[in-house]
Structures are given as structure tokens and as C-alpha cells.
Amino acid sequence: MHTMIRFSMKNFRFVIFIAFLVWPSDNVSCIAKQHKHWRHRKASVSMLETDANSPTTFNVLRYGAKGDGIADDTKAFEEAWAAACGVEGSTVVVPSGSVFLVKPVSFSGPNCQSNIVFQLDGKIIAPKSSGAWGSGLLQWIEFTKLKGITIRGAGIIDGQGSVWWKDDNPVEESDANNSSEDSQIYADAAGGMPSTKPTALRFYGSSNVIVTGITIQNSPQTHLKFDDCTGVQVFSMSISSPGDSPNTDGIHLQNSKNVIIHSTSLACGDDCVSIQTGCSGVYIHNVRCGPGHGISIGGLGKDGTKACVSNITVRDSSLQNTMTGVRIKTWQGGSGSVQGVMFSNIQVSGVETPIMIDQYYCNGHKCQNKTSAVDVSGISYQFIKGTYTSKPVHFACSDSMACTGVTLENINLTPLQEKNQLEGPFCWHTFGELRTSTTPPITCLQRGDPSNKQVHNNGDSC
Ligand SMILES: *[C@@H]1O[C@H](CO)[C@@H](O)[C@H](O)[C@H]1NC(C)=O
Ligand SMILES: *[C@@H]1O[C@H](CO)[C@@H](O)[C@H](O)[C@H]1NC(C)=O
Ligand SMILES: *[C@@H]1O[C@H](CO)[C@@H](O)[C@H](O)[C@H]1NC(C)=O
Ligand SMILES: *[C@@H]1O[C@H](CO)[C@@H](O)[C@H](O)[C@H]1NC(C)=O
């Protein structure tokens, strides 16, 4: 009887929670709602704590965590995890009302039972002292090799990144320098922090991963990363860091398949979502991006590498004051392909360049002209609307390997301020179809296919 009441209360809370996240809502009210929600969850802590004696619930406070934001709670988290790891469907509880200082930590399978829940209602903060990071680490909190892992709750993961951001020479984007996944990001960090900046929360080699409810903020570098994961759901959560924080991607996907991201607000200093090689079956909808650099596929093919990305959908989303809107970027000299991408119903406001394909992506390096390229084909844009501040459309495709199958329909992009003298659409070696008239007219798109499109089945096909 008791249990049933608690369950219906939980459902009720869930309904309220969803109601808070109803789309769209402006930033201010969104933050206000989160605060409200935070208080709401606090009030219900005692309920969660009645679960404390359940044999499947492992509260970090019971493993000695202080939760005062000063003491090092890493060991308590590790021990709670070790206990939960042995029990199928167990829950690690990080209760609300406390702040836990946690050093770099790995919650690792592969010997764990499946379907573990990490119930995060409190706040976890990263150490600010350089000593905690040794000579530099690629991530702060890591979950690896798990079958079924859920992070949920109203809690916050705060990377306290400002101590890492004071670069003398910030690299412009996370893939600026040595882009191979998990490569080190070099910058002359001030404050004695190591030059390698960690991702705040990373999932590796896992299946059925869910991240919901939580906020990840102020990461030193990427906020949330999935590498080599299958079956990922990210929803009703938010990511937040300042627009001028260097390299702070929102969500970074690599070698991951069947990914859904929705009803999520992303504000950061780099790509809101970055889709890298090895990704397919990615569906993103009802996402808000800004500030940030937009939703991007790439940079792919750096240093002659092969990249394969396919079946990506981004729809019913909005971008505010971002550098680009929806973008595909590849380095010269790469191979492989980007195939089957749909951008649909995207609302932009004050975005520098809403639509971009750049096969000459170079990002401040000294890039030489190369003949090979990552083949870009089957890219459709429909219902892309709103305002831009620099150029509505920029398609810079490879001299040797044109972009093909680029279709555009119902594009309506206008300058943010009429008085501005702005550039018109640009296309280079871009082939496809205009399915409707567009605003502005995109006359530079070439119809059909190039006569000399290379046949590139030279072992590089994906
Ligand atoms: C990356 O760039 C930094 C300068 O920003 C340079 O010192 C470092 O050697 C570069 N690393 C690689 C691997 O290119
Ligand atoms: C990337 O960096 C790693 C080590 O930081 C280095 O071993 C590797 O050669 C670099 N790759 C390129 C292409 O610069
Ligand atoms: C493409 O991805 C979606 C998920 O976004 C998936 O449902 C669909 O089956 C995939 N299509 C193909 C042909 O793989
Ligand atoms: C690459 O090609 C462009 C145009 O074809 C040319 O303007 C540029 O100088 C070339 N760059 C190099 C480094 O050769």
C-alpha cells in the first residue's frame, strides 16, 4: 500500500517534471523553472531516503561521503559503485541538498550487473586544484563497458571549468589540434592546470545508455561524450557553459549508433552537438542550441583519416546567436563518406551562417590542398527559417569530389538587420536540387550530378 502511494507520487512528480520542460521556453523562464524543480525535488528527498534500506539502493552518504563540497568524496562514490555493480538493476543514490567534491573517477564494468541507475539529485563538483589531475586526463567522470546505465535526477555535474579556460592561446574548437578522438587538447593553460582538458562526463563502450534530468555545466572541455556506445538516449536535460569558454562542446558523439537526443537545452562555447566518425542512426529533435557553434557533423578526415557518418536527422530544433546553424565540416585529404543527412524544421535567430558545408575545414592550421576528400552526399535541408548575421548558405565542396544530392526546400533566411550589407548564398562544386523557391534565391546550386564525379570505390567506401 505504502509502495503504491509512493509510486503514484513518483509518477506525479514525473508529470510535473515533463511539464517544466515543455518546449519551447525562453532561457530565463527555463532557468527559473529548473530552480523551482530543484526545490521541488528537495522536498521529496525524505521519500527517496525511505529506500535507504533497500538491498538494491546504495546511497553515497552511507559510504562515507561528506557532501560538504570540501571533503574528498571520491572514495565513497567508488565504494557505493562497487556495491551497486554487483546487483542487477541497482541504484546509486547521490542525494539532493549536498555538494560532493569528486576527483577523476571511473565507474567501470565490464564485470558489473546490467541496468544500473545513477540517481543524481545532489551536486557533484570537480576539483579546481591542478594536483588532482596529474599530468592531464581526458575525462573527469567516466562510465565504461556497461550494459544498461541510466543517469537521472535533478542534480548537477559542475566541472568548475573556469580555471581551465584562461588560455593564452585558446584553440578555436575541440577538434582544432590533433583531432583523433581522445587526442589531447593543447593550449597554454594558465593557473597551472595541465594542458590536457578533461571531458566532464564520458560514456565508453556501453549499450543502452540513458542520461536524463540532470544539468552538466562549466566543463573544462566537452560536457557529455559518448564513444563506442550503442543505444543512447539523452533527453530533458541541459548543458550550460559560457559562450566564450573554449572547446566546450555540448554533446560529442563518436563511433556511436542509434542515438536519440531530444528536449534538451545546450549552451556552450563550441559545438552544441558534435557528430564524429563512426556514427549512424542519430536522431536529434526539440533541441535548443545557443550560445555555441551550432550542430555539427565533423570535422572529419583530419590527417588523411577515413570517416564514416550516415543516417543523421536533426529536426524541430532552434539555434540562437550561434556561429553556424547546421554544419558539415571535413578536412582536405580525408576519405570515407557522410551520407543521408536530413535537417528539417530548424529555426535560427541571429546565426552567423545557418547552413554550411565546408570541405576545406582547416581551423587555423596551415592546410595544403589535397585531392582526396570525405564524400558528402544525400544532404537535405527543409524548412530552415529565421535570421542570419553573415551569410545564409555556404557550400564549399571539394574541387575533386563535389557534394552531390544536396536538396533544399522551404528555406527562408533573412538578415537580422536589413541595413547590414551581407553576403549572398555561396556554392562551390555543389550539386542537387531546389525543390521550392527559396529566400534568398540559391541560384548557385548546380542541378543534377557532376559529369566528372569520381568513382571512389577504392577501398575507402564505408
Ligand atoms: C597543438 O598545438 C599546440 C599549440 O597550440 C602545439 O604546441 C602542439 O605541438 C600541437 N600538437 C600537435 C600534436 O600538433
Ligand atoms: C596526435 O597526438 C598524439 C599524442 O599527443 C601523437 O602521438 C600523434 O602523432 C598526433 N597525431 C598527429 C596526426 O599529429
Ligand atoms: C536511421 O536512423 C533511425 C534512427 O534515427 C533508425 O530508426 C532507422 O532505422 C535508421 N535507418 C537505417 C536505414 O538504418
Ligand atoms: C589551394 O588552392 C586554392 C585555389 O585552388 C589556391 O588559391 C591556394 O593558393 C591553394 N593553396 C595551397 C596551399 O596550395
Side-chain angles (χ1 to χ4, degrees), residues 23-31 172-173 238-246 248-250 264-274 284-298 314-329 341-358 360-361 363 379-396 406-428 430 434-445:
W23 219 256
S25 62
D26 63 58
N27 260 336
V28 175
S29 68
C30 187
I31 286 161
E172 196 228 339
E173 302 212 357
S238 66
I239 284 175
S240 171
S241 63
D244 61 358
S245 55
T248 53
D249 277 350
T264 282
S265 169
L266 305 163
C268 57
D270 205 319
D271 292 327
C272 287
V273 181
S274 165
I284 298 171
H285 68 90
N286 293 90
V287 159
R288 284 175 66 95
C289 165
H293 291 187
I295 295 174
S296 300
I297 296 171
V314 181
R315 64 182 311 152
D316 306 331
S317 291
S318 66
L319 300 103
Q320 292 85 32
N321 306 316
T322 53
M323 191 173 87
T324 54
V326 289
R327 172 167 59 156
I328 298 171
K329 45 183 174 171
V341 179
M342 150 113 78
F343 298 112
S344 177
N345 192 23
I346 307 290
Q347 182 75 42
V348 294
S349 47
V351 169
E352 281 176 45
T353 307
I355 295 176
M356 181 184 279
I357 298 175
D358 182 6
Y360 297 87
Y361 187 63
N363 205 6
I379 315 296
S380 82
Y381 301 89
Q382 54 186 36
F383 299 98
I384 316 281
K385 298 180 174 173
T387 56
Y388 63 93
T389 61
S390 175
K391 194 191 289 186
V393 174
H394 181 89
F395 291 136
V406 175
T407 62
L408 295 134
E409 61 185 289
N410 294 295
I411 308 297
N412 190 342
L413 296 167
T414 53
L416 181 63
Q417 291 172 309
E418 280 300 339
K419 62 179 163 37
N420 292 0
Q421 193 69 36
L422 299 173
E423 293 174 71
F426 172 84
C427 318
W428 178 253
T430 309
L434 288 177
R435 298 218 164 126
T436 63
S437 59
T438 60
T439 305
I442 305 169
T443 52
C444 58
L445 185 76

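Because the structure is a prediction, the values reported are computed rather than measured.
Within the 4.5 Å cutoff, side-chain heavy atoms of Phe395 are placed close to those of Ile355. Residues Ser380 and Phe343 are not in side-chain contact: their nearest non-hydrogen atoms beyond the backbone lie 4.5 Å or more apart.
In terms of heavy-atom proximity, Ser344 sits nearest to Gln382 at OG-NE2, 3.0 Å. Considering all non-hydrogen atoms of both residues, Val273 and Ile284 come closest at CG1-CD1, 3.9 Å. Across all non-hydrogen atoms, the minimal contact from Val393 to Leu413 is CG2-CD1, 4.5 Å. Listed here is the closest heavy atom pair of Gly250 and Cys268: N-SG, 3.6 Å. Smallest separation of non-hydrogen atoms from Gly290 and Ala267: O-CB, 3.5 Å.
Here the rule is side-chain hydrogen bond (donor to acceptor under 3.5 Å, both in side chains) with Arg327, and of Thr353, Asp358, Asp271, Thr322 only Asp271 fits it. Applying the side-chain contact (heavy atoms from CB on, under 4.5 Å) test between Ile379 and each of Leu408, Thr430, Ile328 identifies Ile328 as the sole match. Between Gln320 and the choices Cys289, Pro291, Ser349, the side-chain contact (heavy atoms from CB on, under 4.5 Å) rule is met once, by Ser349.
Note that CG of Asp249 is 4.0 Å distant from CG of Asp270, once rounded to the nearest 0.5 Å. Distance check: Ile411 CD1 to Tyr381 OH gives 9.0 Å after rounding to the nearest 0.5 Å. To the nearest 0.5 angstrom, Cys272 atom SG is 11.0 Å from Met323 atom CE. The OG atom of Ser390 sits 7.0 Å away from the CG atom of Leu422 when rounded to the nearest 0.5 Å. Once rounded to the nearest 0.5 Å, the distance linking CD1 of Ile295 with CG of Leu319 reads 5.0 Å. Separating the OG1 atom in Thr438 from the CD atom in Glu409 is a distance of 11.5 Å, to the nearest 0.5 Å.
Under the 3.5 Å distance criterion, the side-chain polar atoms of Ser317 are matched with a main-chain donor or acceptor of Val287. Between the side chain of Thr436 and the main chain of Asn410, a donor-acceptor pair closer than 3.5 Å is present. A donor-acceptor pair is defined here as one N or O able to donate and one able to accept, closer than 3.5 Å; no such pair exists between the side chain of Thr324 and the backbone of Val326. Thr248 places a side-chain N or O within donor-acceptor distance of the main-chain N or O of Gly269, the cut-off being under 3.5 Å.
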_With side chain to side chain contact (heavy atoms under 4.5 Å, CB included) as the criterion, how do Lys329 and Met356 come out once you've worked through the C-alpha distance, each side chain's angles and the decisive distance to 0.1 Å?_
CA-CA 8 Å; Lys329 45 183 174 171; Met356 181 184 279; over 6 Å; no
